[in-house]
There are 2 protein chains.
Amino acid sequence: MLKSTAPPSGCVPRTIGPLYGGDVSGPSDRSRVSRLPDATIARLPLYLRSLAQLQADRTVVVSSEDLADSAGVNASQVRKDLSFLGPVGTRGLGYDVDSLRSKIEVELGLTEELGVVIIGYGNLGRALAGYRGFGARGFRVVALVDDDPAVRAVAPDPLPIHPLSELGRLAQEYALAIALVATPASAAQDVADAVVAAGIRSILNFAPATLNVPADVTVRKVDLAVELQILSYFRQRRPGATVG
Amino acid sequence: MLKSTAPPSGCVPRTIGPLYGGDVSGPSDRSRVSRLPDATIARLPLYLRSLAQLQADRTVVVSSEDLADSAGVNASQVRKDLSFLGPVGTRGLGYDVDSLRSKIEVELGLTEELGVVIIGYGNLGRALAGYRGFGARGFRVVALVDDDPAVRAVAPDPLPIHPLSELGRLAQEYALAIALVATPASAAQDVADAVVAAGIRSILNFAPATLNVPADVTVRKVDLAVELQILSYFRQRRPGATVG
DNA sequence: GCATGTGAATAGATTCACAGCG
DNA sequence: CGCTGTGAATCTATTCACATGC
């Protein structure tokens, strides 16, 4: 799939799938058994979310149809996705909520808590740091980085804010697994380089910039403006746009 | 594609494509000429971003290969995508940066400024309100909504914060085009119902919940935990996870 | 000559429809 | 009987390879 010629510079990671919305640039060498289809991987977290809700409601068993409704997808999609995890349901009955949840968590590698560093402590970085949903789902923000001394001086958070130069040390000390890049676009590539140099190989990029990273680094991106522009397209093509 | 039987309740909008990352639930009736493939629609904003950069650098013409590098996709993908806009390049030369940018903007409906309302003025809502990137790309936050009187009392923003009950009026007054839902999951469906009732038909949902909306409403979602869990999957399947 | 634009080929994802099994 | 699990069919997207035209 990937031509064996070396990529030009910086090594643009292969965008694994396509598709409208975030995309994955994953460990690009598919020779390794990458068991699940990419589309399935992206949906497992949705099922997990629904299962957690069901669990909270004391529901013991769920059918593919109910799970599908709850996750906003098609029932045969649910069955196909879950079938990749092995035989995980009971015919005639449905899926056991608890055990399915565990199976998905194992599949996603959510068995240990993963350390997260937030790089860029502006508006968005602060909001991310304050986000309550991390702990509940197996992630913990353990370090903050910003290269602007003025930003570091404010330090309104329980966690100290470090300069980028300390990222390598932080990565070792806290076993950082994931970096959230919340810097301006202009700084994003330098930050990504530092992240890679620090040995962190999972990046969630909020900066509106394309990151060039080695092939063994996974990047997912979240770009607000891109999302809005996609919405704009559908808006424009609507029958009668009345209000907006 | 959509079975003609009426959906159960609330009408789950069809998730138009799949794919790992945000997905679209768009105006589901494809009978109308929805010219571009969904995957293309999702990439046009990326090209736009690259083109803006090139324009800033005073680059006049760009080849599909350079544009592809800059956007992080494949060159033939770029050519295929752009070919849907009509003949937009010059053989032997490349694409004119200015005119290509305009063409894409027109295609995405970015010719008029679109009014955005942020619903839920917690951590994330405030960060979104403070985000500088809106204006630069044709969107403007013109209203804020939060149903918690305590939150409204703080009002640290130039814009006043309204109760949800005023959304209908705000939608009319400001011709709101897009709603950003940044509430807790528990409130998200009620908010979505109010958004729909107010006549707004584009939603960007940050709440970790599936929204049920009528078929003519487009929803895109951004879920931080989902992104992290996807990263976790790839992390787990890596050869030798050293640091993290 | 060179890079676009495009039909054809391939790969991947979704949906269907039903066999299999509790 | 009911619901899972799955092969087959379909649909969509990506990539290739080359004809086309500046």
Side-chain angles (χ1 to χ4, degrees), chain A residues 1-3 5 14-21 23-26 28 30 34-44 47 60-69 71-97 99-100 103, chain B residues 1-3 5 14-21 23-26 28 30 34-44 47 60-69 71-97 99-100 103:
Chain A
M1 234 159 168
L2 192 58
K3 283 223 200 90
T5 57
R14 188 178 58 125
T15 289
I16 278 187
L19 267 339
Y20 32 108
D23 63 358
V24 187
S25 357
S28 68
R30 286 324 208 147
S34 178
R35 285 188 15 288
L36 309 182
D38 291 321
T40 296
I41 295 163
R43 279 187 299 264
L44 289 181
Y47 302 150
V60 175
V61 169
V62 66
S63 68
S64 60
E65 190 164 338
D66 288 350
L67 188 52
D69 282 355
V73 303
N74 178 301
S76 55
Q77 185 116 267
V78 168
R79 293 200 297 277
K80 179 74 89 182
D81 284 340
L82 297 184
S83 74
F84 290 115
L85 307 184
V88 74
T90 310
R91 291 171 197 237
L93 236 103
Y95 301 90
D96 179 81
V97 172
S99 84
L100 179 56
K103 280 230 172 70
Chain B
M1 234 159 168
L2 194 59
K3 282 220 199 92
T5 58
R14 189 180 58 128
T15 288
I16 278 186
L19 267 338
Y20 32 107
D23 63 359
V24 188
S25 355
S28 67
R30 287 318 212 159
S34 178
R35 287 191 11 291
L36 309 183
D38 292 321
T40 297
I41 295 163
R43 279 188 298 264
L44 289 181
Y47 303 149
V60 175
V61 169
V62 67
S63 68
S64 61
E65 190 163 338
D66 288 350
L67 189 51
D69 282 355
V73 303
N74 178 301
S76 55
Q77 184 117 266
V78 168
R79 292 200 297 277
K80 181 73 89 182
D81 284 340
L82 297 183
S83 74
F84 291 114
L85 307 183
V88 73
T90 310
R91 291 172 197 234
L93 235 102
Y95 301 91
D96 179 82
V97 172
S99 84
L100 179 55
K103 280 229 172 70

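Side-chain atoms are counted along with the backbone in the values below, which use heavy atoms only and exclude waters and symmetry mates. Chain naming here is simple, since letters A, B, ... match the order of the sequence lines and numbering starts at 1 in each.
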Q. Run the side-chain contact (heavy atoms from CB on, under 4.5 Å) check on A:Asp96 and A:Thr90 step by step: do they pass?
A. CA-CA 8 Å; A:Asp96 179 81; A:Thr90 310; over 6 Å; no

Q. So which nucleotide from D:dT6, D:dT15, C:dA13 ends up closest to the side chain of A:Arg79?
A. D:dT6

Q.
Heavy atoms from C-beta onward define the side chain here; which of D:dT6, C:dG7, C:dA3 lies closest to that of B:Lys80?
A. C:dG7

Q.
Once side-chain contact (heavy atoms from CB on, under 4.5 Å) is applied, do any residues pair with B:Val61, and if so which ones, sequence neighbours excluded?
A. B:Leu93

(Q) On DNA chain C, compare the nucleotides closest to B:Glu65 and A:Asn74; which residue's is nearer the 5' end? (A) B:Glu65

Please give, in whole Å, the distance from [N] [atom2] to [X] [atom1]?
X: B:Leu100; N: C:dA3; atom1: CG; atom2: P; answer: 17 Å
X: B:Phe84; N: C:dT4; atom1: CZ; atom2: P; answer: 16 Å
X: A:Leu85; N: D:dT6; atom1: CG; atom2: P; answer: 11 Å
X: B:Asp66; N: C:dT4; atom1: CG; atom2: C1'; answer: 14 Å
X: B:Asp81; N: C:dG5; atom1: CG; atom2: C1'; answer: 13 Å
X: A:Tyr47; N: D:dT4; atom1: OH; atom2: C1'; answer: 14 Å
X: B:Asp69; N: C:dA3; atom1: CG; atom2: P; answer: 13 Å

Could you tell me whether the phosphate oxygens of [N], OP1 or OP2, come under 4.0 Å of any side-chain nitrogen or oxygen in [X]?
X: B:Ser64; N: C:dA3; result: no
X: A:Gln77; N: C:dA13; result: no
X: A:Ser76; N: C:dT15; result: no

Q: Can you measure from NZ (B:Lys103) to OG (B:Ser99) and round to the nearest 0.5 angstrom?
A: 5.0 Å

**Q.** Atom pair CG (A:Asp38) and CD1 (A:Ile41), whose distance is rounded to the nearest 0.5 Å
**A.** 5.0 Å

**Q.** Non-hydrogen atoms of A:Ala75 and A:Ser64 that approach each other most closely
**A.** O-CB, 3.9 Å

**Q.** Any pair counted as salt bridge (Lys or Arg N to Asp or Glu O under 4.0 Å), so long as it reaches residues 81-93 of chain B, sequence neighbours left out
**A.** B:Arg43-B:Asp81

Q. Among residues 88-96 of chain A, which contact DNA chain D at a heavy-atom distance under 4.0 Å?
A. A:Val88, A:Gly89, A:Thr90, A:Arg91, A:Gly92, A:Leu93, A:Gly94, A:Tyr95

Q: State, yes or no, whether a side-chain contact exists between A:Tyr47 and A:Leu82 at a heavy-atom distance under 4.5 Å.
A: yes

